[in-house]
Amino acid sequence: LLIDVKEKTKIHLRRGEVLELIGNYDDAESDYRAALDSAKDDMALIASVQYALGKLNRNRGNYGPALEWLVKAKETYTALGDNARLAQVLIETGTVLFCEGDLTQAGELCNKGLILAREAGDSLGAALALRELGGMAWQQGDRVAARTLAEESLNLRRAMGDKRGIASSLLDLGSVVCEQ
């Protein structure tokens, strides 16, 4: 029923996010692909959908396709000069690589994403990067760094009032404290 292409694309994107959140990945992908089809020449919307498809594939455990979509999103956001969104893509790419066990490259990307997120004033992006970096430190046996990073992520989450993020950070911190 929507005539405005931009509005139609955003509706598909938002609906896909909700469907992904409740675990309905197939329908989420259908909505993301519909958003991609309707985005036409709007590069910012195209990049948002590419990022969403990357995240969706990571959540499914399909790391190869996740990386393919994230590379496209990185290229598009770089061309647009959108460093705030580029930070999100770098952090998400780092997360995928962490899941694959490539801690070196994952750490490099999360650190780059953290720098860009902080420059853009994106507390959520910074908190996500810190969480991932903390997980990598924990994986490598550096419990002190893991705890420091988890605490920093928790402080950002608390400042934002992000209850879901606070719970996640407390879980991370609890794991580190129990190990020490």
Side-chain angles (χ1 to χ4, degrees), residues 2 4-136 139 153 162 164-165 168:
L2 294 172
D4 183 76
V5 174
K6 193 171 191 171
E7 188 176 353
K8 184 178 182 178
T9 303
K10 287 180 181 181
I11 294 292
H12 279 296
L13 189 56
R14 298 270 192 273
R15 183 180 148 149
E17 290 168 355
V18 171
L19 291 166
E20 182 178 352
L21 185 65
I22 63 173
N24 190 342
Y25 296 147
D26 291 339
D27 288 341
E29 183 174 0
S30 293
D31 266 300
Y32 289 150
R33 289 192 181 274
L36 194 59
D37 289 342
S38 65
K40 302 288 183 213
D41 296 329
D42 189 324
M43 297 310 289
L45 282 175
I46 290 169
S48 293
V49 178
Q50 291 167 335
Y51 173 74
L53 284 162
K55 232 175 108 181
L56 173 70
N57 277 287
R58 185 214 5 116
N59 285 331
R60 285 178 152 172
N62 298 334
Y63 303 132
L67 290 172
E68 290 172 17
W69 284 111
L70 292 169
V71 165
K72 291 177 184 180
K74 179 184 174 195
E75 291 169 354
T76 307
Y77 282 132
T78 300
L80 291 170
D82 188 339
N83 284 345
R85 297 247 181 346
L86 178 59
Q88 293 173 346
V89 172
L90 294 174
I91 296 162
E92 182 64 27
T93 305
T95 301
V96 173
L97 293 170
F98 180 36
C99 291
E100 287 190 318
D102 185 348
L103 285 109
T104 302
Q105 192 173 4
E108 289 172 10
L109 289 171
C110 284
N111 275 310
K112 286 179 185 175
L114 176 60
I115 291 166
L116 288 176
R118 284 182 170 158
E119 287 173 358
D122 178 9
S123 295
L124 177 60
L128 290 171
L130 290 164
R131 180 174 193 259
E132 291 304 315
L133 290 166
M136 290 174 217
Q139 187 77 25
S153 179
D162 176 10
R164 186 174 175 192
S168 179

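The basis for the numbers below is simple: all heavy atoms, side chains too, and nothing from hydrogens, waters or symmetry mates.
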Can Y63 and N57 be said to form a side-chain contact (heavy atoms from CB on, under 4.5 Å), step by step?
-> CA-CA 6 Å; Y63 303 132; N57 277 287; over 6 Å; no
Is [Y] close to [X] at the side-chain level, that is, under 4.5 Å between some pair of heavy atoms?
X	Y	result
R60	D26	yes
N83	L86	yes
I91	L114	no
Y77	S48	yes
D122	Q88	yes
L19	L21	no

Minimum heavy-atom distance [X]-[Y], with the two atoms named:
X	Y	value
A106	G94	CB-O, 3.2 Å
A129	C110	CB-O, 3.8 Å
A117	A87	N-CB, 3.6 Å
A47	A73	O-CB, 3.9 Å
A66	G54	CB-O, 3.3 Å
E20	Y25	O-CE2, 3.5 Å

Can L109 and L97 be said to form a side-chain contact (heavy atoms from CB on, under 4.5 Å), step by step?
-> CA-CA 9 Å; L109 289 171; L97 293 170; 3.5 Å; yes
What's the spacing between [X] [atom1] and [Y] [atom2] if we round to 0.5 Å?
X	Y	atom1	atom2	result
E132	T95	CD	OG1	3.5 Å
K74	T78	NZ	OG1	6.0 Å
N111	L130	CG	CG	9.0 Å
R14	E17	CZ	CD	5.5 Å
T93	R58	OG1	CZ	10.5 Å
D31	T9	CG	OG1	11.0 Å

Start with the C-alpha distance between K72 and E68, add both sets of side-chain angles, then the distance that settles salt bridge (charged side-chain N to carboxylate O under 4.0 Å, His left out), and finish with yes or no.
-> CA-CA 7 Å; K72 291 177 184 180; E68 290 172 17; 6.0 Å; no
Identify, with sequence neighbours excluded, every residue that meets side chain to side chain contact (heavy atoms under 4.5 Å, CB included) alongside S168.
->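 Residues passing side chain to side chain contact (heavy atoms under 4.5 Å, CB included) with S168: R131, D172.
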Counting only N and O atoms by type, is there a donor-acceptor contact under 3.5 Å from the side chain of D42 to the main-chain atoms of L45?
->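 Checked: pair present.
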Are any side-chain N or O atoms of Y32 and backbone N or O atoms of Q50, one a donor and one an acceptor, separated by less than 3.5 Å?
->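 Answer holds: no.
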If you count the non-hydrogen atoms of other residues, nucleotides and ligands that lie under 6.0 Å from CZ in R15, is the total more than 12?
->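 No, the 6.0 Å shell around CZ holds no more than 12 heavy atoms from other groups.
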Which residues pass the side-chain hydrogen bond (donor to acceptor under 3.5 Å, both in side chains) test with S123, sequence neighbours left out?
->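 In terms of side-chain hydrogen bond (donor to acceptor under 3.5 Å, both in side chains), with neighbours along the sequence ignored, S123 is linked to no residue.
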Does the pair D37/K8 count as a salt bridge with the N-to-O cut at 4.0 Å?
->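 Answer for the salt bridge query: no.
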Is the closest basic N to carboxylate O distance between K112 and E108 below 4.0 Å?
->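 Salt bridge absent between K112 and E108.
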